[in-house]
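Here is how names work: the chains are called A, B, and so on, in the same order as the sequence lines, proteins then strands, and each is numbered from 1. Side-chain atoms are counted along with the backbone in the values below, which use heavy atoms only and exclude waters and symmetry mates. On a predicted model such as this, the values are computed, not experimentally measured, just so you know.
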Protein chains: 2
Amino acid sequence: MTDRARRIPEATVARLPVYLRSLAELHDDKIATVSSERLAEMAGVNAAKVRKDLSYLGSYGTRGVGYDVEYLSFQMSRELGLTHDWPVVIVGAGNLGQALANYGGFRQRGFPVAALVDASREKVGGYIHGVPVHHMDDLPELAADLGIAIGIIATPASAAQEVADALAAAGIRSILNFAPTVIAVPEGTSLRKVDLALELQVLSFYQEHRDTEGV
Amino acid sequence: MTDRARRIPEATVARLPVYLRSLAELHDDKIATVSSERLAEMAGVNAAKVRKDLSYLGSYGTRGVGYDVEYLSFQMSRELGLTHDWPVVIVGAGNLGQALANYGGFRQRGFPVAALVDASREKVGGYIHGVPVHHMDDLPELAADLGIAIGIIATPASAAQEVADALAAAGIRSILNFAPTVIAVPEGTSLRKVDLALELQVLSFYQEHRDTEGV
DNA sequence: CGGGCTTTGTGATCTTGTGCACGAGGGCGG
DNA sequence: CCGCCCTCGTGCACAAGATCACAAAGCCCG
Ligand SMILES: NC(=O)c1ccc[n+]([C@@H]2O[C@H](COP(=O)([O-])OP(=O)(O)OC[C@H]3O[C@@H](n4cnc5c(N)ncnc54)[C@H](O)[C@@H]3O)[C@@H](O)[C@H]2O)c1
Ligand SMILES: NC(=O)c1ccc[n+]([C@@H]2O[C@H](COP(=O)([O-])OP(=O)(O)OC[C@H]3O[C@@H](n4cnc5c(N)ncnc54)[C@H](O)[C@@H]3O)[C@@H](O)[C@H]2O)c1
C-alpha cells in the first residue's frame, strides 16, 4: 500500500546485506557518517553502484556530507525485513545440519534455529546445541507453532526434492538448499542455494585456464 | 595456443557444473543420448540457454539426435579442469573447518583435503578425519609440497584478510571464502564466497515483501 | 535415395546490470 | 548572507546475459 512503486533489482538486493555489514562495522567504530566512496571501498564495489543501490531505498543521503550510518542501517534493516527474527528449521540432522545448529551466528543475526527435523527415528528426540530434533512428520505442526518462515535443506541430494515439497506443504515459502541438486519449488516460494562442489569446480575452471593459457 | 578464441562467459561457467551433474545422473541411468530440452529440465534452465552454453565448448551435438552423454561429460570435465585432482587446504580448524574436513564429498569430486591449517597451537598436531592439522607458518611449504591449488577460508571474519594474504603469499591462486566479510585478493587470483547470512537476509527480503505487499 | 522430422547452433532482439559523468542540492567558511 | 566546495542522485551509453526464432544439418523411413 506504499505509494512508491520502486522494485529493487535482484542484484541490488544481494548487495544490501554487504552494505549493512559495512555499516555495522562503521557503527562499532563510532563513525557517524559515511560517503558512498568509503562504503564502496568497504563493500568491494564501485561508488556509483553504491549510490544507485541506496537510491532504491529512498533518498537518505545528504549531498556534500554522505549517509548517516545509524539512520541508513535502520532503513536498510527495515527494507530487508530484519526488524524482527525469522525462525529457521533445518531439515537433516547429519554432519552439516548439526554443524549449522552449532553455529551461533544465525541466532545473533536474527535467524534462530527453532528446530531440527530428520526422517531417521534414531536422530529424533534429543537436543543439539539446545535445539530439539523432531521427526519429519511433525514439520507442519512445528512450522505453525513456532512461526517458521525459512527452511534449510541439509539432507542428501536424493531426498532434497521430497524435503522441498514437504517444506512447501508446511507453508514455508523461503528455502535455502545445501544439497548439490536442482530442486523445484512452487510459484511464490523463494529458493537460494549453497553449492560447494560447484564453487570448487568454478575455481578449477579458472585455475586450469590460467595454467593452460599462460599468465 | 588453441586456435579457438572462445572465452566462456562467467554465467556459463557457473552452470557447467550443474550440467555435468545432470549428465552424471543420466550416465548412471544408462542413458546414452540427451536433448537440450531434457538437459534443460534437469538443470532447471531453458533449452536455448543450454544449447548456447554448450556451444561455447564446441559443436558436440548431433542435429536431430542430441548430445552423447559420455562424450559431452568428458569434454565438459576437460574444460572445467576436472581430469585431475585439485588438492585443497582448509584454513581454520574450528566448527566449520572440521565439518568440511569430515565431509567425504570433496575427495569424491576430485578436491581432496590435503591439509588443515590453524593459527592456534592447540589445534595443531592432530588429525581430523585423517587430515593432518598444521600451523599457519607451514603453509608455504605445505602448498609447495602437496601441490595445493585451492584454499578455503574458515576462520573468523576478523582474520580472513590476513589469511587471504597468507594464501596468496604461499602461491595459492584460488580462494573460497566462508567468512562473512569482503576480502581483497591479488590480480590473477580467483575468489568465490559462500555467505550464509547473506543468503538468509536475501530470503528475508523477499519473504518480508511477500508478506507486506500481498500475494 | 529423397523427403520429412527432429534437434542443434546461432543471429537478432530484449532485459538486466554496470559505470561514467554531471547537474542538483546542501553545508560551511568568510 | 553569499559563494564555493563536496557528495549525492540519476540520465545515458555500454556490456553482459537471457530468450526467441529459424535456418542448417543429420537421421530415418519408405
Ligand atoms: N557436510 C558438509 O560439509 C557438506 C558440504 C557441502 C555439501 N553438503 C551437502 O549437504 C547435505 C548433507 O550433508 P551431510 O554431510 O550432513 O549428510 P549426512 O548424511 O551426515 O546427513 C544427512 C541427514 O539427512 C537425513 N535424511 C535423509 N533423508 C531424509 C529425508 N527424506 N527427510 C529428512 N531427513 C533426511 C539423514 O537421516 C541424515 O541425518 C548433502 O547433500 C551434502 O552433499 C555437505
Ligand atoms: N560454523 C558454521 O556453521 C558457519 C556457518 C556460516 C559461516 N561460518 C563462518 O565460518 C567461519 C568459521 O566459523 P567457525 O564456526 O568454524 O569458527 P570457529 O571459531 O569454530 O573456528 C575458527 C578457527 O579459526 C582459527 N583461526 C583464528 N584466527 C586465525 C588465523 N589468523 N589464521 C588461521 N586460523 C585462525 C581459530 O583458531 C579456530 O580454530 C566464521 O567466519 C563464520 O562466520 C560458519
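Taking atom OH of residue Y60(B) and atom P of nucleotide dG26(D), one finds them 16 Å apart after rounding to whole Å. If you take OH of Y67(B) and P of dA25(D), they are 15 Å apart, rounded to a whole angstrom. As rounded to whole Å, 15 Å separates atom P of dG9(D) from atom CD of E37(A). The distance between atom CD of E10(A) and atom C1' of dG17(D), rounded to the nearest whole Å, is 13 Å. Taking atom NZ of K49(B) as the reference point, atom C1' of dG11(C) lies 18 Å away to the nearest angstrom. Rounded to an integer number of Å, the gap from CZ of R7(B) to C1' of dG17(D) is 13 Å. Rounded to a whole Å, the CD atom of E41(B) is 14 Å from the P atom of dT7(C). As rounded to whole Å, 16 Å separates atom P of dA15(D) from atom CG of N46(A).
Looking only at atom types and distance, the side chain of S190(A) has a donor-acceptor partner in the side chain of R210(B) under 3.5 Å away. Counted by atom type alone, D53(B) and Y19(B) present one or more donor-acceptor pairs between their side chains at under 3.5 Å.
Residue R15(A) is classed as a sugar-phosphate contact, given heavy-atom separations below 4.0 Å to backbone atoms only. Among the heavy atoms of the strands lying under 4.0 Å from A48(A) is at least one base atom, whether or not backbone atoms are also near. Nucleic acid contact class of S59(A) (heavy atoms, under 4.0 Å, all strands): sugar-phosphate only.
Salt-bridge formation is not detected for the pair R109(B)/D85(B): no Lys NZ or Arg NE/NH1/NH2 atom is positioned less than 4.0 Å from an Asp or Glu carboxylate oxygen.
Between P9(A) and L54(B), the residue anchored closer to the 5' end of DNA chain C is L54(B), taking for each the nucleotide with the nearest heavy atom. Annotation: of the two residues near DNA chain C, A11(A) and G64(A), the 5′-most nearest-nucleotide partner is A11(A).
The aromatic rings of Y103(A) and F106(A) sit perpendicular, their planes meeting at an angle over 60°, well past the 30° parallel limit.
For dG17(C), its base never sits under 3.5 Å from the side chain of K52(A) at any donor and acceptor pair. A donor-acceptor contact under 3.5 angstrom links the side-chain atoms of R63(B) to the base of dT8(C).
Here dC8(D) is the nucleotide among dC8(D), dT8(C), dC27(D) with the atom lying nearest to any side-chain atom of R51(A). Distances from the side chain of T62(B) to the nucleotides dA18(D), dT8(C), dG26(D) place dG26(D) closest. For S36(A), the listed nucleotide lying nearest its side chain is dC8(D); candidates were dG17(C), dC8(D), dG17(D).
The environment of E37(B) atom CD is sparse: at most 12 non-hydrogen atoms of other residues, nucleotides or ligands sit within 6.0 angstrom.
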